[in-house]
Amino acid sequence: MNQDNPTMPDKAAAFDQRDRDWYIDKAVQAIVFLGGISAILFIIGIFVFITKEGLGFLLRDFSFSEFFLSPWWEPTDEDEPTYGILALVAGTASVTGLAMLVAIPFSLGAAIYVGEFATGKKREYLKVLVELLAAIPSVVWGFIGLSIMNPLIIELFDVPVGLNVLNAGVILGLMAAPIMTSIAEDALKAVPDRYREAAEALGATRWQVIFKTVVPAAKNGLLGAVLLGVGRGFGETMAVLMATGHAINLPGSVFDSVRALTATIAAELGETAVGSPHYEALFTIGIFLFVVTFIINLSADLIVRGVRNQ
Amino acid sequence: MVSTAENMETTAVQETPKLKVSNLAISYGDTTVLKDINLEVKTNEIFGIIGPANSGKTSFLKVLNRMDTFNSNMSFEGDAFFNGLNTRDLRNLYALRSRVGVVFPLPVGLPLTIYENVALSPRLRGVKSKEDLDIIVERCLMRAALWDEVKDRLNSLGSLLSGGQQQRLTIARALSQEPELLMLDEFSIAVDPVTTMRIEDVLKELKQEMTIILVTNLVQQARRLADRTAFFLNGECVEIGDTEELFTGNVKDERTIGYIEGKFG
Ligand SMILES: Nc1ncnc2c1ncn2[C@@H]1O[C@H](COP(=O)(O)OP(=O)(O)OP(=O)(O)O)[C@@H](O)[C@H]1O
Ligand SMILES: [Mg+2]
């Protein structure tokens, strides 16, 4: 370098030399990149795996109209097995729908209280408590559904079984509410205090400030919270298996027992021969679940991200 | 107050100052940042407050419309009377704040449309009809010298305007309250000189309709606008006097002259 350009002072040569810091920087970048990319690899890997396992069914026995429109899930029928998931989709959808009816008012209310009204110690305790609730394993919720909700529903509504849409929906709603609260509260907290002060300085009451300024500003984050809750409900297995009654049914009321997509896979996969049509059909359900939850979570994430970037 | 009103029924209304502050001291935690403030602001005057950074001007304004409640750390002693009512004892602070317009030095465009930013306060006090709101929005934006720049995009977000435009948006929003008292805190900090002059002209007109407290770092702005001016320094009110008197050197405290002439600050 110095020979090419003799007028350049010696120090300038440093611009053209890679020192230890430079290599460390590159190495760290590479490691972090691997960490980041591995998430993508795992997702692709899982997708490839379940697709491979379900492919035989998709190519051989799969009929679109039977799979999505028939309410008969009878994969073990000796003469003529049918693979219709309509009843299972209805089961999952009804439970998730009811769960959202329970969870949305609960979680948004809790988020508004924790984020906007609670102060100091009370707020910190409440936040820890919400995080704790979110960490309760789903089998515990399932147990609550079986041993508390079940007799309660039988007694209150005078129905023969208490394991039904109502039971699972309430359990799932209570289960999804903490995580939704947590995300909704983040969204409210992302609204800068200066907006609240500016609105309050206009003479708006706390309530008016929240509904006319804070909630509109946080609406994407709140929507994202709801969508993540839906995704959670859709993918939940254990609690749903325990609380729905696990009976194939197109539900006519909240007191009907139903069966969920996820619970079907969990309950039946262990009893099928690897590679059998039944086994492959279960994986096809897996593909369907994967695609749906992927879309729900992705849109939730994009919506929440949209807020942050504003 | 009550006894004065009874004794002199006719004159009492005129003589009650818009604002009366007695023995006011303001603290953040244990630190007192302003003390021994005694002053009166008359109805329909422009009252200027000048003083170097940290002298407590912004804190003073915050106490006047009880924004001290936003900050659990902030407290005040002494009293401030608005229309003769002690702001400490008011049972509805929201009503007080809706009668007092404030413009902060750092503009805060609410994350609503430009139109909604200005229509919010009228809506809160119950104006519903679209025509009435349209008229209010246009008039306030005109007065804040912003109408021409935004009239074609009233439905875009107010928080995306430039700094100076947001500043004028907050002025329009304060005017939309139809306040009895308008408090401006260094409103021209982000506004170009030409627009500043336009707003100053509007303020002179607004004096007919409301009382104005003008906190400013530009001493010449105080001279152009204020009827009387107070000089705050390091948490004390050094001097209050007729603006023209102060600027012609007729002062009680030499430090006032020093500040006005730019010797420190
Ligand atoms: N939120 C707060 N918490 C703690 N101290 C504060 C707070 N706001 C202001 N102070 C202190 O109060 C004092 C007065 O501040 P204030 O903002 O009232 O001054 P000012 O006269 O408006 O200054 P400037 O001309 O720079 O705006 C300062 O020493 C400041 O550090
Ligand atoms: Mg200030």
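In what follows, every chain begins at residue 1, and chains take the letters A, B, ... in the order their sequences are listed.
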Please check if the number of heavy atoms outside [X] that lie under 6.0 Å from its [atom1] is greater than 12.
{"X": "Phe294(A)", "atom1": "CZ", "answer": "no"}
{"X": "Phe117(A)", "atom1": "CZ", "answer": "yes"}
{"X": "Glu124(A)", "atom1": "CD", "answer": "yes"}
{"X": "Lys151(B)", "atom1": "NZ", "answer": "yes"}
{"X": "Lys212(A)", "atom1": "NZ", "answer": "no"}
{"X": "Met238(A)", "atom1": "CE", "answer": "no"}

> What part of Arg206(A) is in contact with chain B, defined as an atom under 4.5 angstrom from a non-hydrogen atom: side chain, backbone, both or neither?
Replying inline: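 Arg206(A) touches chain B through backbone and side-chain heavy atoms alike.
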
> Are there residues of residues 105-130 of chain B that reach to under 4.5 Å of chain A by heavy atoms, and which ones?
Replying inline: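 Val108(B), Gly109(B), Leu110(B), Pro111(B), Leu112(B), Leu120(B), Ser121(B), Leu124(B) fall under the 4.5 Å cut-off.
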
> Are there residues of residues 164-192 of chain B that reach to under 4.5 Å of chain A by heavy atoms, and which ones?
Replying inline: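 Arg173(B), Gln177(B), listed by number.
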
> If you look at every heavy atom in Glu200(A) and Arg97(B), which pair is closest and at what distance?
Replying inline: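 Shortest heavy-atom separation between Glu200(A) and Arg97(B) comes out as O-CD, 3.3 Å.
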
> For Phe104(B) and Ala201(A), which heavy atoms make the closest approach, and how far apart are they?
Replying inline: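 Closest approach of Phe104(B) to Ala201(A): CZ-CB, 4.0 Å.
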
Check residues 37-45 of chain A and write down every donor-acceptor pair under 3.5 Å in which the side-chain atom is one partner and the other belongs to a residue at least two apart or another chain.
residue, atom, partner, partner atom, Å
Ser38(A), OG, Gly35(A), O, 2.6

> Looking at residues at least two apart in the chain, or sitting in another chain, which of them share a side chain to side chain contact (heavy atoms under 4.5 Å, CB included) with Thr205(A)?
Replying inline: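 Here the qualifying residues are Trp207(A), Gln208(A), Tyr94(B).
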
> For chain A, which of Ser159(B), Ser98(B), Gly101(B) has the most heavy-atom pairs under 4.5 Å?
Replying inline: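 Heavy-atom pairs under 4.5 Å are most numerous for Ser98(B).
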
